[in-house]
Amino acid sequence: MRGALNDVLGGGAASVLTVTFGLSYALLIFSGPLSEHLSYGLAATFIASAVLATILALGSSLPFAIAAPDSSTAAVSAILTSSLVERMTAADPSTPLLAPVLITLGLSTIVTGIVLCGFGISRMGRAIRYVPYPVVGGFLGATGLLIVLGAIRVITGHRLQFATLGQFANPTTLSELGAACVMALVLYLTWHRSRTSFGLPVILVGGVIAAHLAFWLAGISPTEAQAVGWTFQPPPSITFMLPWHPTALEAYPWHLLPDLSGDLIAVIFVTATSTLFNTAGIEVAAQREANLEQELNVTGLANILAGALGGYAGCISVSRSILSFNSGGIGRFSGLTVAAVSVLMLAVAPVLLGYMPKFVLGGLLIYLGADQLHQWIVESRRRLSIVEYLSLLAIIVIIAKWGFVSGILIGVVIGCATFALSAARIESIKFSFNGTEYRSSLDRSRDDQVLLTEHGGKIQGLNLQSYLFFGSANRLYQYVKAMLQRHPECRYLVFDFKLVTGIDSSAAYSFAQIKRSADDRDVKLLLVHLAPAAEKALRSSGFVSGEVSIIPELDHALERCENEIISEHQGLEQEEANLRDWFTQILGTEDDATTLIHHCERIEVDSGDIIVNAGDAADSMYFILDGRVGIMIPASQGTTTRVRSLGRYTTIGEMGLIAHVPRSATIQAEVASVLYALNTHQFDAIKEDDPALAQKLLTYFVAVMAERLTFANRTIAALRR
């Protein structure tokens, strides 16, 4: 019983807010041409409050949750009905408005409920959290602006537009607006800062008493105050009417629904967003965990029932739920108490409204709208970057000028563009390394370690991260291109994709550019930890081919590169040792051999490669260390004939080097061969710097030519027999 009593007291405190807000929302929606039907608006408001509070109290995952029409949902519902009324009166000023408005409110609420249930059943509700934050902020900020504009219409009876500014020039209208602004300021200075349970009703009652006291002192009777417009005309007793009468449905302007679709989407979006955000806010404030899917399902069911009974959209309320929770209401009787008070208001609301000055409820609406504008225009500036903040302001202006659909679409485009620019600034390279500082786990000999320390710069690696798309991948390409220029010795480029979450097609194109740059420098590419989806994207761009290696582990990739470097340099060391031994035999000393090696240029040729062509300038000679080359001369019918073949440890071209006559024959590699070339400039340098070595070379050349001449003479003698 004690717990139930606490729930009733907490629900009673929340009921004060529900009643006060409900009166202001009814005036917001049923203003202007609909003001004569305010009694139906009051019925729709408190029926929706009772149904929402009951269903949420019975089914919410937060037992103390209280639901009702919210300022945001009421604002977009007011925009929806206003759009309908404008289109209907433009076509026929005398057309009845009440039934179409109630049908529109009911239909929009039912559709909203169905969508919310769909979100809850399919678990798609969380997808709305992927809407860019500035879009949500701009959307809710725009609803705050619309609440303020609606409050001005409630107070003065006129829309605030450039065309209607003249209607705000009379002293009474300005006095009403000034009083409403003072009321909003009082609410900000008092209830906004304290948020006590009964602070709001005390302030509102005090405002009503102060207004009637001022009327009495000024000699204005209640009837005169109503006639001038200071107070509301007392509506008749609340009239409840289900909007689904066959005659009303038949007369409904169904052809206007496509034009209203944007505002209908706004109602759905705002209700879904408010449900999710308000639930999250209650979780934080009350330190209770909610079931998001359950909240969407229950809120959807409540809206379907409320729409069927002629109410309009609502959702769980942060202020009312937390007020009830802090007042001791932690059970389901809190919401049921709010529902009972809402039903009671169906009989009491007209009496209260007849004594209510317009500036009191209008000031409350201005406070609510200004508070929301302050939250999203002022407070959000500290949480957003300058680009996001400017996009939020742009969305507010677009919604105010062209409607919610335009604001959402343009806002999403702005949000995506902002995200792309921000994501492009995220570094796609977590860290880079080379073979001298980061190696495989294979233990190697001391000689191999020394060799890798000396030549480890041939291995360059990049550890990639995040999602790679056109912005970040292009920066990666520019980085790789600059890195290859800084490290011309690079022969192996390793990409580690372990921290990469995905690759799009434009990023794959950037990798194709990387491959072309690597091919130009004879750099081998190795890909590590490449996911199947990323591999598919890279194959489609032509990046992954036979020349690109895909290896599961980084350690294995590094081991392969190290093995190739060691094998290559061990082979070169053995090759250089063989060359030194050969030159030592030719020249007599190892020092002369070493000097000659330093003046020669190593050349690798494949089978069939032309080394020199007949008629070329004779500017070098060749020491054949490995392989075989042939001396070819022209034959009949465009063919060539081999006149001599030279194998390893032989030389060719000495005569041209000495005599400087053009080549008399073509020299072609018969198998893959390794040659060391000594050109005329290097030979002249040897003659100038080391005449003794030059003399030894000339002696060797003469001996070689003498041997070949002797061989030729024997061949000629044999042919003469």
Listed partners of P253 passing side chain to side chain contact (heavy atoms under 4.5 Å, CB included), at least two apart:
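Side chain to side chain contact (heavy atoms under 4.5 Å, CB included) check on P253 returns L84, M88, P100, H255, L256.
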Whether [X] side chain and [Y] backbone form a donor-acceptor pair below 3.5 Å:
X: S61; Y: N291; value: yes
X: S31; Y: L28; value: yes
X: Q294; Y: L62; value: no
X: S82; Y: A78; value: no

Grab the two heavy atoms, one from [X] and one from [Y], that are nearest each other, plus how far apart they are.
X: W254; Y: L249; value: NE1-O, 2.9 Å
X: L97; Y: P33; value: CD1-CB, 4.1 Å
X: G362; Y: A180; value: C-CB, 4.4 Å
X: Y367; Y: A184; value: N-CB, 3.9 Å
X: G310; Y: P243; value: CA-CD, 4.1 Å
X: A302; Y: L52; value: CB-CD2, 3.6 Å

Decide yes or no on side chain to side chain contact (heavy atoms under 4.5 Å, CB included) for L309 and L242, but give the supporting numbers first.
CA-CA 6 Å; L309 295 177; L242 285 175; 4.3 Å; yes
Quick one: are [X] and [Y] in side-chain contact, heavy atoms under 4.5 Å?
X: L56; Y: T299; result: yes
X: V397; Y: L393; result: no
X: T18; Y: V341; result: no
X: L276; Y: E295; result: no
X: T73; Y: Y25; result: no
X: L336; Y: T54; result: yes
X: N303; Y: I110; result: no
X: V101; Y: L105; result: yes

Please evaluate residues M345 and L42 with respect to the criterion side chain to side chain contact (heavy atoms under 4.5 Å, CB included), reporting the C-alpha separation (whole Å), side-chain torsions for both, the decisive distance (0.1 Å), and the verdict.
CA-CA 9 Å; M345 287 303 298; L42 292 171; over 6 Å; no
Can S83 and D263 be counted as having a side-chain donor-acceptor contact under 3.5 angstrom?
yes
Is it true that Q375 and S380 share a donor-acceptor pair across their side chains at a distance under 3.5 Å?
no
Point-to-point distance, once rounded to the nearest 0.5 Å, from [atom1] of [X] to [atom2] of [Y]:
X: L145; Y: L373; atom1: CG; atom2: CG; result: 5.5 Å
X: L257; Y: Y252; atom1: CG; atom2: OH; result: 4.5 Å
X: L177; Y: K358; atom1: CG; atom2: NZ; result: 11.0 Å
X: W244; Y: L102; atom1: CH2; atom2: CG; result: 9.0 Å
X: F64; Y: R332; atom1: CZ; atom2: CZ; result: 10.5 Å
X: E36; Y: L98; atom1: CD; atom2: CG; result: 9.0 Å

Could you list the residues that satisfy side-chain hydrogen bond (donor to acceptor under 3.5 Å, both in side chains) with Y312, not counting sequence neighbours?
T45
With sequence neighbours left out, the residues meeting side-chain hydrogen bond (donor to acceptor under 3.5 Å, both in side chains) with T109 are none
Show the numbers, then the answer: is there a side chain to side chain contact (heavy atoms under 4.5 Å, CB included) between I304 and C117?
CA-CA 9 Å; I304 292 174; C117 288; 4.3 Å; yes
E379 CD: over 12 foreign heavy atoms closer than 6.0 Å:
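Counting other residues, nucleotides and ligands, CD of E379 exceeds 12 neighbours.
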Decide yes or no on side chain to side chain contact (heavy atoms under 4.5 Å, CB included) for D7 and I330, but give the supporting numbers first.
CA-CA 6 Å; D7 291 344; I330 59 174; 4.3 Å; yes
